[in-house]
Amino acid sequence: MNSYEHIVLDISEEGERLLEGRLILREDVQKVIQHAEATGKKLVHRCTGRSLAFYRPKAVTYWVEYSRTDEAYRVFTAYSHRMVLKSSGSTNEWVKSGAGSDWHCDQCRTPLEVQTVRLQYMQSIFPINLPACSSCGFILIDEELAIGKVAEAEQALEDK
Ligand SMILES: [Zn+2]
């Protein structure tokens, strides 16, 4: 039994449908949570206390928003993207826009700040403003962006 298989998930019916529609397996969700809990690499929301983490086993990055209950991990949402988050060189080169975020980096105990970072997909690199942790370089791609602009950009590049 792989270690991620011990992760017990609590997913609503609606959540199950969402995962199915997005072609995300329960196994993918388990792997994200297992990775986040084992490494401590995750974001925590200031108001809800929920965790948000990602894991990229192969060509796809999976994100899961979840919280820990006594027996299980309750899953609020999950989404994926293929684009790679590239914090080019050092985080010192990032340009802060001054805007904050409700998420903070759990490992660094640092609130995320909006920075100009670079996203890479195939041969193309896009500069984009995203909330990120300037200590460890954790970049947040939120659900709206992943299923919106990022998905569109991936599609456009594949169609070339
Ligand atoms: Zn950090």
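The structure presented is a predicted model; accordingly, all values stated were derived computationally and were not measured. Atoms within a ligand are numbered from 1 in the order they appear, just like the ligands themselves.
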Which residues and atoms, protein N, O or S only, are under 2.8 Å from the Zn ion (ligand 1)? Cys105 SG, Cys108 SG, Cys133 SG, Cys136 SG
Closest non-hydrogen atoms of Lys42 and Ala36, given as atom of the first, atom of the second and distance, are CB-CB, 4.2 Å
Donor-acceptor check, side chain of Gln30 to backbone of Leu9, threshold 3.5 angstrom: yes or no? no
Going by heavy atoms in the side chains, are Arg26 and Ile11 under 4.5 Å from each other? yes
If hydrophobic clusters are built from ILVMFWY residues whose side chains come within less than 4.5 Å, do Leu25 and Val75 share one? no
If you look at every heavy atom in Leu52 and Trp63, which pair is closest and at what distance? CG-CE3, 3.9 Å
Restricting to side-chain hydrogen bond (donor to acceptor under 3.5 Å, both in side chains), what partner residues turn up for Tyr55, sequence neighbours left out? none
